[in-house]
Amino acid sequence: MIKKLLLGSAFTAMSFTACAHNHSATEQAFNPDTQRIKSHLFFLADDLLEGRDTGSRGHEIAALYIATEFAKYGLKPAGTDGYIQNVTFRKANLVQASPSFTLRRGDDTIDFAYPKEYLAGPSLLNTKATVSGEMVFVGYGIVADELSHNDYSDIDVEGKIVVTLAGKPSDFPSEEGAHFASGYQKQKYAADRGAVGMITITTPKNEKVRPYQSRLSYIHTPRMAWLNENGEPANSFPQIKGGAYMSEAAARKLFEGAPRSLDEVYAELEADKVPAGFALPGTVDISKTSTHEVITSPNVVGVLEGSDPELKDEYVVFSAHSDHIGFAKTVKKDNINNGAMDNASGTSVMLETARLFSEMKEKPKRSILFVSVTGEEKGLLGADYFARNPTVPVTSMVANVNLDMPILTYEFADVIAFGANHSDLQASVEKAAANADIELSPDPWPDQALFTRSDHYAFVKQGVPAVFMVPGLKSKDPNVDGSKVFGQFLSTHYHKPSDDVNQPFNWKAAETFTKVNAQIGLTLANQEEKPMWNEGDFFGNTFSKSK
């Protein structure tokens with residue numbers, strides 16, 4: 001009852017539009033309150049919320065807190081139930097004793113050992129998943145017409161199990177390659193051609209980046225997917241009945257007696273050649289058992305209505321994920337993954353940005369949508385659900401600014417906007433950053449394809465130009481190496497209980513980052529033309545048709 005009272009439409013009349021920091025849209029002056037940012041962050045990262053895991057009570061508390069803050073600022077509810085947009089998920093866990101993988105070749109039978117020789121994730125589609133059939137090696141298993149690449153050319157995989165290399169060809173562009181080589185896309189290529197299963201094998205390059213042994217730490221991790229109107233997991237392919245991820249030593253056995261050995265295939269990779277496909281001898285039987293449960297978890301959505309009679313029907317979207325990963329599997333006393341940087345910091349900055357806009361005497365011309373999403377840590381799920389089931393027309397979303405894991409421990413002199421180079425957001429962000437006396441720097445890690453790895457990408461896939469904003473690596477203090485600080489966070493605190501409020505937060509950095517994001521939102525909301533993809537850009541050409 002309390003939740004309904006707070007989040008119902010009756011509460012929308014409340015508006016705390018204090019006059020202390022009112023500025024016109026033309027003045028472009030923002031004065032963030034660092035004490036408010038700190039208060040948001042300390043609450044969201046408190047042990048009380050138990051790591052804000054998707055579907056947990058702790059995350060429900062976080063969502064309620066965010067919704068009441070939206071109401072406090074006078075934002076209009078833009079969810080499906082007040083500020084809330086509940087998302088229904090299926091959660092699957094693998095029964096660890098259940099996986100079975102048998103290779104039959106002539107009179108020989110080989111039983112592979114789980115998890116020593118292969119990995120099997122839980123099935124979201126069936127509690128008992130089985131697949132049997134002949135195998136076909138299909139290289140990387142990628143179809144990319146834009147890059148003149150088709151691993152399925154002249155290969156029949158109807159009713160068969162495809163065997164693919166992990167990763168992508170070395171000459172693929174980083175961000176485009178990340179799209180083509182994603183697990184979803186590889187399954188789609190296989191399913192579209194009639195395959196019934198998929199086996200992925202590691203490569204020497206892949207082993208350097210993420211060794212097979214390191215994957216063993218995640219065998220108990222559940223899988224999740226949001227459920228569509230038919231109650232089925234979204235983004236799934238029912239015709240792909242099962243599969244496995246194989247170690248290098250185990251994969252060699254699949255290639256015994258084949259036209260080429262696995263070592264010969266690896267040699268082609270070393271020479272930057274794309275190996276052609278061929279049939280593999282023998283048949284395989286793969287099975288596993290999973291448990292299923294249905295959970296719900298909320299997105300939180302509020303809107304600041306624009307001031308222009310026509311442009312107010314267009315929306316600049318700010319997004320930040322409020323979930324984290326819950327409890328750590330550890331014998332240590334501190335087992336709560338508080339997620340202070342990831343992503344209480346980004347959520348807190350978004351909340352303060354919303355407050356600053358709410359207190360402007362002259363509101364921006366376009367409306368500004370603030371979306372706190374769930375399930376980012378489970379695969380960008382809440383953002384994907386919202387982008388595919390938006391509470392405002394997706395065609396009216398002109399841009400997305402995503403805030404995820406800003407490292408706020410030193411005074412930075414620049415910001416990075418991943419993805420800005422794909423649209424004219426580049427110029428808009430650069431202009432806005434200059435208004436906050438901050439430089440815009442290029443992506444320092446283009447090979448990591450970060451443009452495809454946070455919630456903004458769900459909006460990109462619906463045709464919305466987007467940027468993923470983080471503080472840059474340049475420090476105002478010559479004694480601080482921003483790159484080193486970022487690396488230390490990843491190696492020491494990322495997805496660990498130590499990502500808590502005991503880290504050395506720099507609240508001046510939080511203030512600056514909020515100023516930059518407010519300036520970006522204001523620039524995008526007031527500029528005459530809505531942002532556009534660059535002419536000929538792959539992401540614009542691929543996804544903008546959906547708008």
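Numbers for residues simply follow the sequence, beginning at 1. Reckoned from all heavy atoms, side chains included, excluding hydrogens, waters and symmetry mates.
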Next item on the list: Would you tell me whether S428 and Q527 have side-chain atoms, one donor and one acceptor, within less than 3.5 Å of each other?
Entry: yes

Check: Any salt bridge (charged side-chain N to carboxylate O under 4.0 Å, His left out) pairs touching residues 374-389, not counting sequence neighbours?
Finding: D53-K378, D384-R388

Next item on the list: Could you pull out the closest heavy-atom pair between T492 and S498, with the gap in Å?
Entry: O-OG, 3.2 Å

Margin query: With no hydrogens and no angle check, just 3.5 Å: does a side-chain donor-acceptor pair link N338 and H324?
Written below: no

Item checked: Pair N402-S454, side-chain donor/acceptor within less than 3.5 Å -> yes

Notebook entry, point to check: Just wondering, do V316 and P364 contact through their side chains at under 4.5 Å, heavy atoms?
Noted result: no

Next item on the list: Look at the aromatic rings of Y65 and F43 and report parallel, tilted or perpendicular, splitting at 30° and 60°.
Entry: parallel

Next item on the list: Would you check if there is a donor-acceptor pair between the side chains of D313 and S396 at a distance under 3.5 Å?
Entry: no

Next item on the list: Nearest 0.5 Å please: distance from the CZ atom of F30 over to the CD atom of E352.
Entry: 11.0 Å

Check: Does a side-chain N-to-carboxylate-O contact under 4.0 Å join K76 and E305?
Finding: yes

Notebook entry, point to check: Without hydrogens or angle criteria, can the side chains of S322 and H59 be said to hold a donor-acceptor pair below 3.5 Å?
Noted result: yes

Checklist line | D342 side, atom CG; H495 side, atom NE2 - distance, nearest 0.5 Å | finding: 4.5 Å

Check: For the residue pair F370 and F70, does the interplanar ring angle fall in the parallel (under 30°), tilted (30 to 60°) or perpendicular (over 60°) class?
Finding: tilted

Note to self: Could you measure the distance from the CZ atom of F468 to the CG atom of L450? Nearest 0.5 Å is fine.
What the structure shows: 6.5 Å

Note to self: Assess whether a salt bridge exists between D33 and R36, defined as any Lys/Arg side-chain N lying under 4.0 Å from an Asp/Glu carboxylate O.
What the structure shows: yes

Check: Would the number of heavy atoms belonging to other residues, nucleotides or ligands and lying under 6.0 Å from NZ of K496 be above 12?
Finding: yes

Note to self: If we count only N and O atoms by modelled type, under 3.5 Å, do the side chains of D537 and S423 hold a donor and an acceptor together?
What the structure shows: no

Check: Do the ring planes of F543 and F538 sit parallel (below 30°), tilted (30 to 60°) or perpendicular (above 60°)?
Finding: perpendicular

Check: Is there side-chain contact between T80 and N86, with heavy atoms separated by less than 4.5 Å?
Finding: no

Check: Once the angle between the rings of F412 and Y410 is folded into 0 to 90°, is it parallel (under 30°), tilted (30 to 60°) or perpendicular (over 60°)?
Finding: perpendicular

Next item on the list: Indicate the ring-plane relationship of F318 and F357, choosing parallel, tilted or perpendicular according to the 30° and 60° boundaries.
Entry: tilted

Notebook entry, point to check: Does a salt bridge link E314 with R366, judged by any charged N lying under 4.0 Å from a carboxylate O?
Noted result: yes

Margin query: Quick check on the 6.0 Å ring-centre criterion: do H149 and F180 meet it?
Written below: no

Check: Going from NE2 on H321 to CE on M405, what distance comes out if it is rounded to the nearest 0.5 angstrom?
Finding: 8.0 Å

Item checked: Gap separating the OG atom of S319 from the CZ atom of F386, nearest 0.5 angstrom -> 9.5 Å

Check: Measuring from L269:CG to K205:NZ, what's the distance to the nearest 0.5 Å?
Finding: 9.5 Å

Next item on the list: Report yes or no: does K186 contribute a side-chain atom to a donor-acceptor pair with the main-chain N or O of G167 at less than 3.5 Å?
Entry: yes

